[in-house]
Amino acid sequence: MNGSIKQEAVPGKGVETGSAPAQRPTLRLERRRTARTAGTALPLRRRARFGLVVADAVALLGALAVMGSIRPEIQGLSVHILAPMAVAVVAQIVVFAAVGLYRLWRMPAWDEVRRMVGATAIWVIVVAIATPWWSGAVSRSFLLYTWLIALAFLFPMRGVVRWALSRAKTKEEAALRTAVVGPNGEAGSMVSGLSGSGEIAPVGYIAMNPGDTHSNGLPVLGTLQDLGSIIVDKEIECLLLPATGLSEDEILRVSRACRRASIELKVWSELPDILGSRLAIQPMDGRVALALEPVHFTSTQAALKRSFDLVTASLSLLVLLPFLALIGLAIRLTSRGPVLFRQPRVTKDGRVFTMYKFRTMVSELQEALEIDLTQPFFKMREDPRLTKVGRMLRSLSLDELPQLLNVILGDMSMVGPRPLPVEQIEANAEFFAPRHEVRGGITGWWQISGRSALDSRRALRRDLWYIENWSLGLDVYILIRTLGAVIARRGAW
């Protein structure tokens with residue numbers, strides 16, 4: 001019976017449009033998709049969504065309990081208190097769902113933080129004003145504390161779920177089985193660009209013509225005329241479409257096939273990596289256009305970033321001063337030479353400045369090795385010149401702490417593209433030019449995305465992403481993530 005249904009599911013095989021048997025492939029499609037989703041990607045996404053809901057509920061209940069405990073009028077837990085708490089938690093989960101916070105596999109971490117901060121702020125205000133068990137006025141400081149408490153509960157709980165989901169993605173358990181549609185060259189570049197992303201698992205190409213062939217080691221599943229049967233037979237969960245090269249009729253055919261099969265349609269774009277909050281969909285004469293909001297780095301924003309740098313660097317130096325003195329003493333006692341290492345680096349507009357670091361090498365051997373310093377983002381693995389103390393400082397990035405002084409002097413920022421040595425810039429001037437639109441930073445998007453483990457082009461793309469999407473909130477986020485990357489020693493040499 002299944003064989004006969006399969007015969008009828010293939011377009012152009014003698015099935016009459018509108019005939020009764022033509023409805024049977026839909027039943028077969030649902031049955032095949034149910035069989036697949038019983039054990040792979042969809043259950044994982046459902047489990048992740050369920051885990052997020054549970055994590056949010058626990059975090060919000062914990063935050064409400066702490067919030068209530070500091071209100072003197074609350075005497076123990078009762079139905080009068082628990083019922084509104086439950087309603088408040090359910091209401092916030094609904095709000096989180098509305099802003100897309102239960103679709104982590106489609107959302108970068110930064111977008112998740114941004115949405116969660118905004119949604120939680122509104123929730124705290126509504127709860128503080130509307131809950132019947134809090135009498136009297138609610139101060140602004142109380143609202144701030146409760147908001148911070150709620151985030152302090154939510155971030156770790158969601159972090160555990162995101163970590164578990166990231167591990168699943170590395171095993172391709174959450175990746176969508178994807179067929180790539182389009183012209184040969186662009187289809188091949190799409191597959192190359194998405195290799196190892198963990199978001200989709202390309203299984204083959206949909207060719208535009210019967211004679212088309214493709215590379216990347218993936219087969220041609222069929223042509224556009226066979227799209228409906230390919231989706232069923234190959235259990236496709238997503239179609240990836242190029243932004244160019246297809247006619248309006250072909251795009252409509254692909255869109256209709258996705259709608260009928262209830263699968264995702266993704267359109268490939270050559271736009272640089274940008275935050276989703278900067279994108280808007282604009283209808284234009286029956287079609288849609290992607291509108292990209294510009295980043296307005298005004299003089300006011302520049303002054304705000306500079307103020308943030310000064311305050312953060314000054315407070316950090318004040319707090320870390322005893323620790324910095326101990327590091328300096330350890331360097332002086334274990335090897336000969338100065339405590340600080342000075343090196344010319346390049347920052348905004350190509351200006352050269354002297355960058356400070358704790359010395360991590362044996363002074364006599366610093367110039368002894370023949371090293372090609374012109375390689376982009378060059379950093380030596382297992383450098384034999386490192387001292388014992390220097391190796392530890394490098395692994396934890398503690399050698400970078402004197403750059404807080406560079407921030408105060410105005411040569412660097414707390415967050416920005418890493419300033420590179422003069423030799424690397426001179427040898428790769430055109431390659432590095434876009435990085436010099438802003439001051440170099442102690443840390444940046446590159447550092448929290450892999451640090452030294454990234455190749456030069458991927459590192460440059462991350463620097464340009466930061467410049468393209470800068471905001472003060474992003475700086476704060478990167479600083480927080482930097483602490484985690486340093487502690488975990490990800491990409492450190």
Side-chain angles (χ1 to χ4, degrees), residues 295 297-332 337-361 377 379 389-390 392-422 424-425 432 435-448 451-452 462-463 466-467 469-487 492:
V295 175
F297 197 69
T298 63
S299 57
T300 302
Q301 289 176 316
L304 182 63
K305 181 174 173 64
R306 179 62 183 147
S307 300
F308 173 77
D309 288 339
L310 281 173
V311 171
T312 305
S314 300
L315 290 177
S316 298
L317 269 179
L318 186 63
V319 172
L320 294 173
L321 195 57
F323 184 59
L324 297 178
L326 289 175
I327 293 176
L329 182 61
I331 294 172
R332 179 56 63 89
V339 171
L340 293 181
F341 172 68
R342 299 167 174 83
Q343 185 180 47
R345 297 279 180 120
V346 182
T347 187
K348 184 180 179 182
D349 298 328
R351 184 172 65 86
V352 178
F353 73 101
T354 300
M355 192 183 78
Y356 302 107
K357 299 178 67 174
F358 279 125
R359 181 175 57 82
T360 58
M361 300 180 187
F377 297 102
K379 194 169 185 179
V389 172
M392 181 192 68
L393 295 178
R394 283 273 190 96
S395 67
L396 295 173
S397 297
L398 297 179
D399 59 321
E400 314 287 357
L401 289 179
Q403 289 155 39
L404 292 169
L405 181 60
N406 287 118
V407 174
I408 293 175
L409 294 175
D411 297 322
M412 294 176 62
S413 176
M414 291 298 296
V415 181
R418 189 74 182 139
L420 297 176
V422 175
Q424 291 187 29
I425 300 301
F432 283 126
R435 301 175 79 250
H436 297 142
E437 295 180 23
V438 297
R439 286 190 183 93
I442 296 179
T443 185
W445 193 250
W446 162 35
Q447 279 75 12
I448 68 173
R451 300 170 72 190
S452 302
R462 280 156 175 78
D463 284 337
Y466 169 79
I467 296 172
N469 297 283
W470 177 87
S471 71
L472 190 59
L474 181 59
D475 277 6
V476 174
Y477 173 76
I478 290 174
L479 287 174
I480 295 173
R481 283 283 307 276
T482 297
L483 294 176
V486 168
I487 292 172

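Every value quoted in this text rests on a predicted model; they were computed, and no experiment measured them.
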Quiz item: Closest approach of Leu318 and Pro322, non-hydrogen atoms and distance?
Solution: O-CD, 4.3 Å

Quiz item: Nearest heavy-atom pair of Arg418 and Gly441: which atoms, and what distance?
Solution: NH1-O, 3.2 Å

Quiz item: Nearest 0.5 Å, what's the CZ-CZ distance between Arg359 and Arg332?
Solution: 8.0 Å

Practice problem: Indicate yes or no: at least one non-hydrogen side-chain atom of Gln424 is less than 4.5 angstrom from one of Arg345. | Solution: no

Quiz item: With side chains defined as the heavy atoms from C-beta onward, is the minimum distance between Asp399 and Phe341 less than 4.5 Å?
Solution: no

Quiz item: Distance from Leu409 atom CG to Phe353 atom CZ, nearest 0.5 Å?
Solution: 10.0 Å

Self-check item: Separation between CE of Met412 and NZ of Lys348, rounded to the nearest 0.5 Å
Solution: 15.0 Å

Quiz item: Taking atom CZ of Phe358 and atom CD1 of Ile327, what is their separation to the nearest 0.5 Å?
Solution: 4.5 Å

Practice problem: To the nearest 0.5 Å, tell me how far Leu326 CG sits from Leu320 CG. | Solution: 11.5 Å

Self-check item: Donor-acceptor pair, side chain of Arg439 and main chain of Gly410, under 3.5 angstrom
Solution: yes

Quiz prompt | Verdict with supporting geometry, Leu420 and Val346, side-chain contact (heavy atoms from CB on, under 4.5 Å) | solution = CA-CA 6 Å; Leu420 297 176; Val346 182; over 6 Å; no

Exercise. Would you check if His436 and Ile425 make a side-chain contact, meaning some heavy-atom pair closer than 4.5 Å?
Key: yes

Exercise. Decide yes or no on side-chain contact (heavy atoms from CB on, under 4.5 Å) for Met355 and Arg342, but give the supporting numbers first.
Key: CA-CA 6 Å; Met355 192 183 78; Arg342 299 167 174 83; over 6 Å; no

Quiz item: Taking all atoms of both residues into account, what is the closest heavy-atom pair of Ser316 and Leu404, and its distance?
Solution: CB-CD1, 3.8 Å

Self-check item: Minimum heavy-atom distance Ile478-Tyr466, with the two atoms named
Solution: CD1-CD1, 3.7 Å

Self-check item: Donor-acceptor contact below 3.5 Å, side chain Arg435 vs main chain Ile467
Solution: no

Self-check item: Smallest separation among heavy atoms of Leu317 and Leu405, with atom names
Solution: CD1-N, 4.4 Å

Quiz prompt | Worked check of side-chain contact (heavy atoms from CB on, under 4.5 Å) between Lys305 and Trp470 | solution = CA-CA 10 Å; Lys305 181 174 173 64; Trp470 177 87; 3.5 Å; yes

Exercise. Evaluate side-chain contact (heavy atoms from CB on, under 4.5 Å) for Trp445 paired with Asp463, printing each intermediate quantity in order.
Key: CA-CA 6 Å; Trp445 193 250; Asp463 284 337; 5.7 Å; no

Quiz item: Taking Asp309 for the side chain and Met414 for the main chain, is one N or O donor matched with an acceptor at less than 3.5 Å?
Solution: yes

Quiz item: Counting only N and O atoms by type, is there a donor-acceptor contact under 3.5 Å from the side chain of Asn406 to the main-chain atoms of Tyr356?
Solution: yes

Quiz item: What pair of heavy atoms forms the shortest contact from Val389 to Ile331, and how long is it?
Solution: CG1-CG1, 4.1 Å

Quiz item: Thinking salt bridges, do Arg351 and Asp411 make one under a 4.0 Å N-O criterion?
Solution: yes

Self-check item: From NZ (Lys357) to OG (Ser397), nearest 0.5 Å
Solution: 9.0 Å

